[in-house]
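Report on one structure; see the data block that follows.
What you are looking at is a predicted structure, and each value in this text was computed from that prediction instead of being measured. Note that ligands are numbered from 1 as they come in the structure, with each ligand's atoms numbered from 1 the same way.
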Amino acid sequence: MQAAANTDRRADFECDVLVVGGGPAGSTIAALLAERGRDVVLFEKAHHPRFHIGESLLPANVQLLDRLGLRDQVERIGMQKYGVEFVSPDHDHLSYIEFSEALDKSMPYAWQVRRSEFDEILFRNAAAKGARAFEGARVREVAFDAEGATVQVEAESATQTWRTKFLVDASGRDTLLANQFKCKKKNSRHNSSAIFGHFTGAKRLPGKLEGNITILWFAHGWFWFIPLADGTTSIGAVCWPYYLKSRKKPLVEFFNDTIAMCPGLGERLADAVLVDGLVHATGNYSYNSTLSSGERFLMLGDAYAFVDPVFSTGVYLAMQSAFSGAEVVEATLAEPARAKALRGAFDRSMKFAPREFSWIIFRVTNPTIRDFFMDPHNPFGVKEGLISMLAGDVFGSTPIWGRVRMLKVLYYLVSLGNFRRTFRAWKQRRINIRDVQSVVEGSAS
Ligand SMILES: Cc1cc2nc3c(=O)[nH]c(=O)nc-3n(C[C@H](O)[C@H](O)[C@H](O)COP(=O)(O)OP(=O)(O)OC[C@H]3O[C@@H](n4cnc5c(N)ncnc54)[C@H](O)[C@@H]3O)c2cc1C
């Protein structure tokens, strides 16, 4: 799909590649292309450092940061995360998995990061590699033609018209192009919303486990507990939209009541204080676009799709899409004969990971999968396969897929063996994901 051709190609400024959005996806592709000598312009509507949710990274992300030469900088701001702790109201024990148990032993940890700091590192890196990086500059309109696009940018002082040979949409959940092309679809199989804030004084795990993410299930979904390096802990409830919609109280009070529904978390927050008394809420965010590229554009990261934060895949998939997207852009500009095949591979890779992760995401509140996480056994190597997937090792050559298939077979067998429980859970999920008029987003103190 391409927008109607714009015959007026007069512009104030020109570039090879124009990137919309200076989050992980946009800053990564801007750096990669600038490094190859492309004239890249990167527009970010906010000013770094700016708040963003999505603080838990995956081990597979570390390799991408290595390739950008940023491991040391992220190590300095990050909290090392060696694994995941699971807490279930239906089990009287805690469960831990460690990334060192994955098939590929070369990526034993990741980091928890403040996104304001992490995203600024990536953005400044793009500029250091030669991209012209602008903050406080919002891309408003894009008109495509056969040779590229004409783009209206609202900068702080004036509106500018840019001419580019290629446009990369990395605008995150603003989904600039998917909105313009009207190709953004709600995920018909999932529906989810979140309420979150930062706390000081939360009780953390001891020693090396301190930086682990904890997932705690409760009646309306699950909580994340993400320890950051400066002692702050990020707490968020990912809940079914009907639950958030039921809110009759101010956001902070509602969040406190929600925390009280999860005794395992309440205990850890007994002496904790909400930073600035500030709580954020975000509405149904499970969607995808029906296309991810065209001859003169790509959609990366959340600008293409987002499903659910439970396995902390968002930043990794955004950066990974930038790495494969950079090959498509480069081929379009330098070797057009190769571009079509690379675009096909890019489109397939954009669908691949959300599809594979969705299988578990859709079942993560299901009692069978919860039992798997709470009592992880390793028949046919399924545990190693699952941990490899949770580490983000899904694009390489590690042989995880036979084990993941086996995990699915075991899931279906155990579910059949507990037919009544499975049926009840299936019916409950249908009720949980029902559509409610959009939940009001916002922050309040
Ligand atoms: C509740 C919740 C919890 C999450 N937790 C995690 C987690 O723990 N780990 C994880 O990996 N992921 C998590 N995610 C997902 C993660 O936040 C995203 O997947 C990730 O930020 C995507 O990166 P991106 O670069 O595609 O988009 P973004 O990070 O959203 O960056 C897009 C950038 O584009 C800018 N922009 C938008 N429109 C324009 C425009 N028109 N002009 C100029 N600039 C523009 C924005 O200001 C923004 O800076 C979570 C998501 C949610 C909703």
Do you know the tightest heavy-atom contact between [X] and [Y]?
X	Y	value
V364	W217	O-NE1, 2.9 Å
L32	A322	CD1-O, 4.0 Å
Y287	T175	CE1-CG2, 3.7 Å

Under a 4.0 Å heavy-atom limit, does [X] contact ligand 1 with its side chain, its backbone, both, or neither?
X	result
P24	both
A194	side chain
E55	backbone
V20	side chain

Close aromatic pair by centroid cut-off 6.0 Å: [X] and [Y]:
X	Y	result
H280	F51	yes
W240	F218	no
F118	W111	no
Y109	F99	no

If we ignore angles and hydrogens, is there a donor and acceptor under 3.5 Å between the side chains of Y96 and E98? no
Examine the side chains of S234 and W224 and answer whether a donor and an acceptor come within less than 3.5 Å of each other. yes
Give the residue, atom name and distance (to 0.1 Å) of the protein heavy atom nearest [atom].
atom	value
atom 8 (O) of ligand 1	S56 N, 3.2 Å
atom 25 (O) of ligand 1	A25 N, 2.9 Å
atom 42 (N) of ligand 1	V139 N, 2.9 Å
atom 51 (C) of ligand 1	F306 CZ, 3.5 Å
atom 44 (N) of ligand 1	K45 N, 3.0 Å
atom 6 (C) of ligand 1	G54 CA, 3.1 Å
atom 28 (P) of ligand 1	H52 NE2, 3.4 Å
atom 26 (O) of ligand 1	D302 N, 3.0 Å

CD/E14: more than 12 non-hydrogen atoms of other groups inside 6.0 Å: no
Does CD belonging to E141 count more than 12 external heavy atoms closer than 6.0 Å? no
Does the N or O separation between [X] and ligand 1 drop below 3.5 Å for any pair?
X	result
I226	no
D174	yes
S312	yes
R50	yes
T282	no
L57	no
E44	yes

List ligand 1 atoms under 4.0 Å from [X], heavy atoms only on the residue side.
X	answer
G314	10 (C), 11 (O), 12 (N), 15 (C), 19 (O)
W224	1 (C), 3 (C)
G301	26 (O)
G23	25 (O), 31 (O), 33 (C)
P309	2 (C), 3 (C), 4 (C), 5 (N), 50 (C)

So which of V20, V139, D174 actually passes side-chain contact (heavy atoms from CB on, under 4.5 Å) with K45? D174
With respect to I226, which candidate in K81, H198, E55 satisfies the side-chain contact (heavy atoms from CB on, under 4.5 Å) definition? E55
The reported gap from CD in E147 to CZ in F166 (rounded to nearest 0.5 angstrom) is 14.5 Å
I387 side, atom CD1; E101 side, atom CD - distance, nearest 0.5 Å: 4.0 Å
State if [X] counts as touching ligand 1 under the rule of any non-hydrogen atom under 4.0 Å.
X	value
S321	no
R140	no
A170	yes

Begin with the C-alpha distance, continue with both residues' side-chain angles, and end with the deciding distance and a verdict on side chain to side chain donor-acceptor pair (under 3.5 Å) for S289 and K184. CA-CA 4 Å; S289 160; K184 181 176 175 180; over 6 Å; no
Among V307, I53, V315, whose heavy atom sits nearest atom 11 (O) of ligand 1? V315
